[in-house]
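To start, the structure under review is shown below, and the notes come after it.
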Amino acid sequence: MKPVLAGLALLAAAGSSQAVTVLSEGFDNVSNLPASGWVQVNNSTAPAGTGWFQGNTGVFTAFSGADNSYAAANFAATGSATGAISNWLIMPALTLDSSSVLSFMVRIGGEGFLDTLEVRFSPNGSSTNVGTTSTSVGDFGILLGTYSGNTANGWEALSYGLWGLSAPTTGRLAFRYVVGDVSSAGNYIGIDSVSVTAAVPEPATYLLMALGVAGLVLRRRMGA
């Protein structure tokens with residue numbers, strides 16, 4: 001029995017893992033995001049302007065890197081004085097699992113105008129279907145979290161995990177800037193230092209797994 005027990009013990013030890021970064025973005029050049037697989041969709045009422053854009057240092061500076069190295073969105077996403085905003089910034093397709101965590105910094109500019117940011121997930125591969133209206137979400141029906149603020153508190157750190165995934169899934173994460181009526185809400189919001197991490201076995205774990213399997217094979221041969 002000893003060879004079997006040793007093999008099982010080694011396999012149990014193989015549960016050790018470490019987090020690795022599968023996506024990192026500091027927004028040094030927002031106009032280059034499409035080349036990296038990012039997608040923008042502006043479903044605001046009477047959409048106008050450039051969806052998400054390079055950070056404006058006149059409002060505030062980036063959390064890290066160059067002063068303008070963050071992505072921003074504002075009330076000008078709609079051309080209507082009472083319009084609604086639904087402004088999407090969609091990440092590249094990634095294979096994620098229950099260990100995956102999205103972390104980023106967020107900040108609003110100004111006081112008294114409620115800015116809201118939703119973080120959503122689509123498990124449908126490379127799909128960028130967010131519907132066509134200011135209220136639709138298309139394939140991005142999984143809401144991981146919502147940030148809202150109307151007071152300028154500086155940069156704030158947020159993290160959301162995909163604990164509900166039962167198996168590795170290829171999909172996209174997305175930021176959605178949401179404003180119900182720009183006549184009473186919506187001013188300016190920025191995001192910076194976006195990262196997505198996932199847990200993978202530590203290098204030594206692979207050796208432990210191999211030794212564990214070898215132990216089981218040895219036991220079978222000895223018992224034959």
*Is a side-chain donor or acceptor of Arg107 paired with a backbone partner of Gly190 at a separation under 3.5 angstrom?*
no
*Please determine, by modelled atom types, if Thr78 and Ser44 share a side-chain donor-acceptor pair under 3.5 angstrom.*
no
_Please give me the minimum heavy-atom distance between Asn43 and Gly131, naming the atom from each residue._
ND2-O, 3.1 Å
*Is a donor on one side and an acceptor on the other found under 3.5 Å between the side chain of Thr169 and the backbone of Ala167?*
yes
*Flag side-chain contact, heavy atom, 4.5 Å: Ile108 against Asn187*: no
_Donor-acceptor side-chain pairing of Glu118 and Tyr147 below 3.5 angstrom_ = no
*Would a 4.5 Å heavy-atom cut-off, applied to side chains only, mark Phe121 and Leu96 as touching?*
yes
*Quick one: does Asp115's side chain have a donor or acceptor within less than 3.5 Å of a partner on Gly149's backbone?*
no
*Show your reasoning for whether side-chain contact (heavy atoms from CB on, under 4.5 Å) applies to Val194 and Leu102.*
CA-CA 7 Å; Val194 173; Leu102 165 65; 3.8 Å; yes
_Please check this pair: side chain of Ser136 against backbone of Gly138, looking for a donor-acceptor N/O pair closer than 3.5 Å._
no
_With a 4.5 Å cut-off on side-chain heavy atoms, are Ser148 and Leu114 touching?_
yes
*Would you say Trp163 and Val101 make side-chain contact, with heavy atoms under 4.5 Å?*
yes
*Considering non-hydrogen atoms only, spot the tightest contact between Ser127 and Phe140 and give its length.*
O-CZ, 3.7 Å
*Are Ser86 and Ser134 linked by a side-chain donor-acceptor pair shorter than 3.5 Å?*
no
*For Val196 and Leu94, run side-chain contact (heavy atoms from CB on, under 4.5 Å): C-alpha distance rounded to whole Å, both residues' side-chain angles, the deciding distance at 0.1 Å, then the answer.*
CA-CA 9 Å; Val196 180; Leu94 300 169; 4.2 Å; yes
*What pair of heavy atoms forms the shortest contact from Ala152 to Glu111, and how long is it?*
N-OE2, 3.1 Å
*asked:* In this structure, would Val178 and Val39 fall into the same cluster of hydrophobic residues linked by side-chain contacts under 4.5 Å?
replied: no
*Ile90 versus Val130: any side-chain heavy-atom pair under 4.5 Å?*
yes
_Please find the pair of heavy atoms, one from Asp192 and one from Ser64, that lie closest to each other, and give the distance._
OD2-N, 3.3 Å
*Heavy atoms, side chains only, cut-off 4.5 Å: are Arg176 and Thr116 in contact?*
no
_Is there a continuous path of hydrophobic side-chain contacts, each under 4.5 Å between heavy atoms, that joins Tyr160 to Met105?_
no
_For Asn87, is there any backbone N or O sitting under 3.5 Å from a side-chain donor or acceptor partner on Trp52?_
yes
*Connected via hydrophobic side-chain network under 4.5 Å: Ile189 and Val41*: no
_Between Ser195 and Thr21, does the side-chain hydrogen bond (donor to acceptor under 3.5 Å, both in side chains) criterion hold? Intermediate values first, please._
CA-CA 7 Å; Ser195 71; Thr21 300; 5.7 Å; no
*Do Phe63 and Leu117 belong to the same hydrophobic cluster, where Ile, Leu, Val, Met, Phe, Trp and Tyr are linked whenever their side-chain heavy atoms lie under 4.5 Å apart, directly or via other members?*
no
*Hey, do the aromatic rings of Phe175 and Phe104 have their centres closer than 6.0 Å?*
yes
*Minimum heavy-atom separation for Gly186 to Val179, with atom names?*
CA-CG2, 3.7 Å
*asked:* Run the side-chain contact (heavy atoms from CB on, under 4.5 Å) test on Leu162 and Leu144 for me, step by step, so that the C-alpha distance in whole Å, both residues' side-chain angles and the decisive distance to 0.1 Å come before the verdict.
replied: CA-CA 8 Å; Leu162 286 89; Leu144 299 183; 4.3 Å; yes
_Is there a side-chain contact (heavy atoms from CB on, under 4.5 Å) between Leu89 and Ile191? Walk through the geometry before answering._
CA-CA 11 Å; Leu89 182 59; Ile191 56 175; 3.9 Å; yes
*List the atom of Asp28, the atom of Ser69, and the distance in Å for their closest heavy-atom pair.*
OD1-CB, 3.5 Å
*Please report the C-alpha distance between Phe60 and Tyr188 in whole Å, then the side-chain angles of each, then the deciding distance to 0.1 Å, and finally whether the ring-ring contact (aromatic ring centres under 6.0 Å, His included) criterion is met.*
CA-CA 10 Å; Phe60 53 73; Tyr188 184 97; 5.3 Å; yes
*asked:* Check this for me: Phe113, atom CZ, are more than 12 non-hydrogen atoms of other residues, nucleotides or ligands nearer than 6.0 Å?
replied: no
_Trp155 ring center near Tyr70 ring center (under 6.0 Å)_ = yes
*Counting distance only, does the side-chain N/O of Gln54 pair as donor-acceptor with the main-chain N or O of Val30 below 3.5 Å?*
yes
*Going only through I, L, V, M, F, W and Y residues with side-chain contacts under 4.5 Å, is there a path from Val119 to Val22?*
yes
_So, taking the atom named OG in Ser100 and the one named CG in Leu23, what distance separates them when rounded to the nearest 0.5 Å?_
11.0 Å
*Is the centre of the Tyr177 ring less than 6.0 Å from the centre of the Trp88 ring?*
no
*If we ignore angles and hydrogens, is there a donor and acceptor under 3.5 Å between the side chains of Asn153 and Thr151?*
no
